[in-house]
Visitor: 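Quick one: this structure, given as structure tokens, is what I'll be asking you about.
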2 protein chains.
Amino acid sequence: MAKKAEQRRKQILKAAFQAATEKGYESVTLQDIADYADVSKGVTNYYFKNKSDVFTQLFEWITTRIYEKEAASISEQETAIGKLEAYIDRVFISPEENKNFYRVYLDFLSQVKNNDSYKEINQKFYENCWSIGREIIQQGLEEEIFEVDDVEQTVISIRCMIDGSLIQWLMRDDDRLHDYYRNACYESILQILRYKK
Amino acid sequence: MAKKAEQRRKQILKAAFQAATEKGYESVTLQDIADYADVSKGVTNYYFKNKSDVFTQLFEWITTRIYEKEAASISEQETAIGKLEAYIDRVFISPEENKNFYRVYLDFLSQVKNNDSYKEINQKFYENCWSIGREIIQQGLEEEIFEVDDVEQTVISIRCMIDGSLIQWLMRDDDRLHDYYRNACYESILQILRYKK
DNA sequence: CAATTTATTTTGACCAGTCAGTATAAAAGA
DNA sequence: TCTTTTATACTGACTGGTCAAAATAAATTG
């Protein structure tokens, strides 16, 4: 029972994500979501309070999932450089996936100013991202291959570099530049970490 | 006549900007814009083809203005470090101004996927930003205080760092962190430029 | 097991409200 | 007067959310 309800919920969230990548947050209607999910309009209102509720749960879901995958990727690696490379590889996963996520994420960010729960969800996402940065830096300090003045400032800068790169890449709308931006991002982060050797 | 028309146009664009900072791109109505400009709805339709036309011209106007101010700031300086500091000071101009611009800018970015003229305007803005980066780097190379492998990649990374910093700062919604993010951004850029001494 | 009742899920028509864009009227200026 | 500019009224399209009724599944009972 609860299992089927959960399945429906996920089905609707996926439909909302797909609709948002194609039409953008604001212009997606409840009808669009229902169409993408292949259900009638009433179903969405049956499982969610309203449109904002759908997107709150969607953002929570995708930001959590992304963090979990990133965290899993770096924990498989032992060395600082291994962790950093795994992180960058996971973040720049593919043009297709990056495009889908960042399109919706940009919409989400532009809504943060109007919606406190969105702000909270994003804050939590940032904290998760920073914790990944922290793990990489600490490993690098132990190995004595990084040199940073302030760990907290550096984890923040790393996330700035990643988001800035993917947003700029997305705006240029050229899949061939994906590798170029990954590389630029990776090398800049190494500079920020004063990577030795 | 033409002068008064130009004045009205600017008045409406300013009103659209103010409306967009407060309500967000999508939810701003033509009525809102007219209200903020203290004119009737007919005026907006008289001077602009439609809502999209208003925002296209607004986007073009503000990105051009920002570039011109940034370019003016760095050209006053002779040294590479002077130019870089002037650039960062201009970019991180004040919590208030950064908030207003980046709120609207984020809305614009999230619309780029649906609107080719927005994409073009943003592309032009990026190119202007890169040209500023180029000027700073070249000065630094002449002074032999910077060391970069690839100038083009570095100007891109600098812009990633700036946008990433201001977006992350904006999302955290704490004016007291403005200085902190400016500093983090500045120091990271120095690292990326391998600043010597 | 089968019939019947109850609970859950789904449907789509509907409503009240909003908006962009248009048409028209009024005013101002040349 | 005639053209330009501004104000107001209107229209048609669309939206989020409601709701009563239908369909389906689960539980109960004889």
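Just so it is clear, the structure is predicted and the values come from calculations on it, not from any experiment.
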Visitor: Checking side-chain hydrogen bond (donor to acceptor under 3.5 Å, both in side chains) between A/Ser73 and each of A/Arg90, A/Glu68, A/Glu85, which is the one that passes?
Guide: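 By the side-chain hydrogen bond (donor to acceptor under 3.5 Å, both in side chains) criterion, A/Ser73 pairs with just one of A/Arg90, A/Glu68, A/Glu85: A/Arg90.
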
Visitor: Using atom CG of A/Asn45 as one end and atom C1' of D/dA21 as the other, report the distance to the nearest whole Å.
Guide: 17 Å

Visitor: Please report, rounded to the nearest Å, how far the P atom of D/dT18 is from the CG atom of A/Leu30.
Guide: 10 Å

Visitor: CD of B/Glu6 versus C1' of D/dT5: gap in Å, rounded?
Guide: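 Nearest whole value for this atom pair: 16 Å.
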
Visitor: Please confirm whether any donor atom in the side chain of B/Lys41 sits under 3.5 Å from an acceptor in the base of D/dA7, or the reverse.
Guide: no

Visitor: Could you state the atom-to-atom distance from NZ of B/Lys49 to C1' of C/dT22 in whole Å?
Guide: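 Computing the B/Lys49:NZ to C/dT22:C1' distance gives 16 Å.
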
Visitor: Starting from P on C/dC19, measure out to CD1 on B/Ile33 and report it in whole angstrom.
Guide: 12 Å

Visitor: Applying a 4.0 Å non-hydrogen cut-off, can you work out what A/Tyr47 is touching in the nucleic acid: base, sugar-phosphate, or nothing?
Guide: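 If one applies the 4.0 Å heavy-atom cut-off, A/Tyr47 turns out to touch the sugar-phosphate alone, with no base involved.
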
Visitor: Could you walk me through whether A/Tyr105 and A/Tyr102 pass the ring-ring contact (aromatic ring centres under 6.0 Å, His included) check?
Guide: CA-CA 5 Å; A/Tyr105 187 53; A/Tyr102 267 88; 5.7 Å; yes

Visitor: Determine, step by step, whether A/Phe108 and A/Tyr118 satisfy the ring-ring contact (aromatic ring centres under 6.0 Å, His included) criterion, reporting the C-alpha distance in whole Å, the side-chain angles of both residues, the deciding distance to 0.1 Å, and the verdict.
Guide: CA-CA 7 Å; A/Phe108 176 46; A/Tyr118 291 180; 5.3 Å; yes

Visitor: Let me spell it out: for each of A/Ser27 and B/Val39, pick the nucleotide of DNA chain D with the closest heavy atom. Which residue's pick is nearer the 5' end?
Guide: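 Counting from the 5' end, the first nearest nucleotide belongs to B/Val39.
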
Visitor: Expressed as a whole number of angstroms, how long is the span from B/Tyr46:OH to D/dT4:P?
Guide: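 Whole-Å distance recorded here is 7 Å.
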
Visitor: Okay, side chain of B/Asp175, backbone of B/Pro95: is any donor-acceptor separation there less than 3.5 Å?
Guide: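 It does not hold such a pair.
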
Visitor: Could you state the atom-to-atom distance from CG of A/Asp53 to C1' of D/dG17 in whole Å?
Guide: 13 Å

Visitor: Report yes or no: is there a donor-acceptor pair, N or O only, under 3.5 Å between the side chain of B/Lys51 and the base of C/dG21?
Guide: no

Visitor: With a 4.0 Å cut-off on heavy atoms, is A/Val54 in touch with a base, just the backbone sugar-phosphate, or nothing at all?
Guide: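 No contact.
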
Visitor: Just one of B/Glu135, B/Glu78, B/Glu70 clears the salt bridge (Lys or Arg N to Asp or Glu O under 4.0 Å) bar with B/Lys83, so which one?
Guide: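 Answer after filtering B/Glu135, B/Glu78, B/Glu70: B/Glu135.
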
Visitor: Can you figure out which of C/dT10, C/dT22, D/dA7 approaches the side chain of A/Val43 most closely?
Guide: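 Nearest listed nucleotide: C/dT10.
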
Visitor: D/dC14 P sits how many Å from A/Glu26 CD, rounded?
Guide: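 Checked: the CD to P distance equals 18 Å.
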
